[in-house]
Amino acid sequence: MSTPNPPPRSEPPAFAEIYDRYADDVHRYLRRRLGGDVADDLTADTFVAAFRSWSRFDPTAESARPWLFGIASNLAAKHRRSEVRGLRAYARSGVDPVASSWAEAADDRVSAQAMNRELATALSELSAGERDVLLLVAWAELSYAEVAAALHLPVGTVRSRLNRARRKVRTTLSPGTERVAVRPLTALEARGGNHG
Amino acid sequence: MDDLTLVREFRADAPLGAPSAVRDAVLAATTPRARRFGPLPTALAAAAAVAVGAVGVLALQAGPAASPSAAAVLGRAATAVAADQVPRPRDDQWVFETVYGGATDGGPFAMVPGEGWTRFDGTQYADAPSDHPRALHVQHLQDDPSVPSPAEWYDAAARLPHEPAALLAALRAGGLADVDGGTEAVRDFEAVVEALGQPVLPATARADLFDALATVPGVTIDADAEPDLLGDPVLAVTLDRAPDASGLLSRRELLLDPDTYAYRGVRVTALEGGRIGGAKGLDVTAGQTWYEDTVADAVVVDRPGQRH
């Protein structure tokens with residue numbers, strides 16, 4: 001067989017260049033969702049996974065950025081319960097455990113941002129799919145089409161999830177809306193479900 | 001302030017900048033331990049060339065023909081691929097391939113995709129240098145009769161007899177497959193595998209090759225084979241206890257897509273410890289898979305640089 005003596009092949013794309021171009025953005029997105037330590041691990045996992053599946057990257061795509069954010073979001077899904085717990089802790093106590101990974105004076109933030117506490121509640125109550133879409137649009141600044149490519153969803157689904165997520169957030173933040181106690185994890189979420 | 005703006009500003013004080021340790025970890029995990037797709041080191045190349053087809057001290061005993069299950073599975077494969085339409089590409093078209101793997105000195109197979117474009121008529125080859133991944137280096141190839149072009153393979157395959165024994169005889173006589181030495185079963189297995197590994201073949205020829213493989217003594221099917229280098233499940237067509245030139249027994253596997261029977265790669269595993277390829281050869285241990293590749297992509301395109 002010819003295989004033990006293959007024809008000359010190219011070496012892989014300069015992966016360090018790809019890492020250097022996108023890693024900070026991906027890391028910050030993960031850090032905002034899950035905090036520093038988890039972000040470090042998941043950023044590394046994202047780029048190693050990207051490297052290993054490089055042949056599946058659409059080379060006609062203008063940028064690898066949406067693809068990388070899609071991998072990062074999928075990896076973050078495994079920490080969904082932790083993410084929701086962090087949001088609820090913020091809502092309950094006024095101290096954001098995720099931000100504590102980069103901010104020094106946690107006490108200063110306790111009294112601040114009442115609106116953020118409500119927002120944390122709203123984000124915690126979104127389905128995982130709704131939260132992914134909302135945060136990819138708001139934090140990663142991806143277009144609908146890019147989110148669709150990143151999450152392998154039809155654009156229409158992206159649009160409807162985003163609309164639903166925004167409606168829920170608005171409802172939670174509306175003046176006069178009575179805040180209810182942060183609900184405990186549902187049985188479904190506790191099993192790692194809640195795929196929106 | 002609207003809801004989306006609020007979300008944008010939530011935790012917006014998060015600093016930008018992944019720690020350098022993350023970068024170090026990623027690059028350590030993605031930098032190959034050695035070149036996988038350049039020319040093999042001379043000693044290893046020599047070992048490989050010898051190992052894959054030469055006469056062994058321990059001759060493979062003439063065993064039964066391929067097992068009944070192998071014949072049935074390969075028959076299904078033949079039927080499946082015969083339905084494809086594979087028009088002959090134009091001479092100025094290119095065959096784009098992405099292949100992972102290669103020979104290993106005992107370390108893990110790096111997941112380094114080797115990408116290259118071979119002009120169908122074999123006159124040019126193109127790939128991207130590692131330091132300029134977006135650049136394309138096109139080189140003219142010298143005519144080398146020992147390395148048939150994709151077009152020569154396609155045309156020769158189109159002329160192969162349909163009947164298995166005649167097809168195998170034609171492959172032995174044709175000089176297409178580089179499999180000198182070895183027992184007849186080993187030679188035939190290697191020749192058919194090399195032919196099936198060609199990215200563009202007439203559908204009927206591919207089907208006939210599967211039928212011929214079903215007649216090679218000792219061929220079996222392993223439906224629970226180890227996955228390929230990409231972790232995808234494969235159906236392995238196996239020739240076990242096949243000796244190399246040093247007499248070492250190997251297990252040779254042709255890896256197929258279990259659904260479409262498309263060619264996915266090959267794997268060679270030593271069944272006993274020793275040195276393959278003589279004094280300058282490769283030391284292997286029993287159970288060591290020392291050659292494996294996985295074809296991730298093989299398509300015909302109009303110009304180098306295209307991948308679809």
Side-chain angles (χ1 to χ4, degrees), chain A residues 1-20 23-28 31-33 36 39-41 43-44 46-48 51-56 58-60 96 98-99 101-103 115-116 119-120 122-123 134-135 137-139 141 166-167 169-170 173, chain B residues 3-4 6-8 10-11 13-19 21-23 25-27 29-30 32 35-40 45 48-49 51-53 98-99 102-103 111-116 118 125 127-131 133 147 177-179 190 193-194 197 265-266 268 291 293 296-297 307-308:
Chain A
M1 77 183 71
S2 63
T3 39
N5 199 3
R9 306 284 191 187
S10 66
E11 291 183 343
F15 203 70
E17 183 185 329
I18 291 160
Y19 178 90
D20 291 342
D24 285 349
D25 270 358
V26 169
H27 183 266
R28 184 164 184 263
R31 182 182 253 185
R32 289 173 80 177
R33 291 191 69 160
D40 291 353
D41 291 343
T43 299
T46 296
F47 281 87
V48 172
F51 178 83
R52 289 181 173 160
S53 57
W54 187 253
S55 66
R56 297 173 194 176
D58 177 3
T60 63
D96 186 357
V98 167
S101 71
W102 65 77
M115 187 74 88
N116 274 352
L119 183 56
L123 291 174
L134 177 61
L135 297 184
V137 169
W139 290 358
E141 300 182 337
R166 293 187 62 182
R167 195 163 55 241
V169 169
R170 279 197 299 271
L173 300 179
Chain B
D3 53 283
L4 204 51
L6 274 174
V7 176
R8 283 198 183 100
F10 186 67
R11 294 174 178 163
D13 56 338
L16 183 68
V22 176
R23 187 179 194 275
V26 169
L27 296 188
T30 58
R35 283 178 64 92
R36 302 292 172 183
F37 287 98
L40 293 173
V52 169
T98 303
V99 183
M111 294 302 293
V112 180
E115 293 188 338
T118 306
Y125 180 82
D127 61 9
S130 62
D131 53 344
V147 184
D178 182 19
V179 288
E190 300 294 342
V193 168
E194 181 165 348
V266 297
V268 184
Y291 186 88
D293 65 23
D297 257 324
R307 292 176 171 81
H308 300 282

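In the text below, chain A, chain B and the rest are named by the order of the sequence lines, each starting its count at 1. Because only heavy atoms are used, hydrogens play no part in the values below, and waters and symmetry mates are left out as well, while side chains stay in.
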To the nearest 0.5 Å, how far apart are OG1 in T43(A) and CZ in R23(B)? 14.0 Å
So, taking the atom named CG in L135(A) and the one named CZ in R11(B), what distance separates them when rounded to the nearest 0.5 Å? 9.0 Å
For [X] and [Y], work out which heavy atoms get closest and say how close.
| X | Y | answer |
| --- | --- | --- |
| A23(A) | A18(B) | O-CB, 4.4 Å |
| V22(B) | Y19(A) | CG1-OH, 3.3 Å |
| A138(A) | L4(B) | CB-CD1, 4.2 Å |

[X] portion near chain B, given a 4.5 angstrom heavy-atom threshold:
| X | answer |
| --- | --- |
| A39(A) | neither |
| R166(A) | both |
| D20(A) | side chain |

Any side-chain heavy-atom pair from F51(A) and V26(B) closer than 4.5 angstrom? no
Heavy-atom distance under 4.5 Å between the side chains of W139(A) and V7(B), does that happen here? yes
Please determine, among R31(A), R32(A), H27(A), the option with the most heavy-atom pairs under 4.5 Å with chain B. R32(A)
I'd like to know if the side chain of R28(A) reaches the main chain of A14(B), judged simply by a donor and an acceptor atom lying under 3.5 Å from each other, with no hydrogens or angles considered. yes
Given A25(B), G17(B), P15(B), the one with more heavy-atom pairs under 4.5 angstrom with chain A than any other is P15(B)
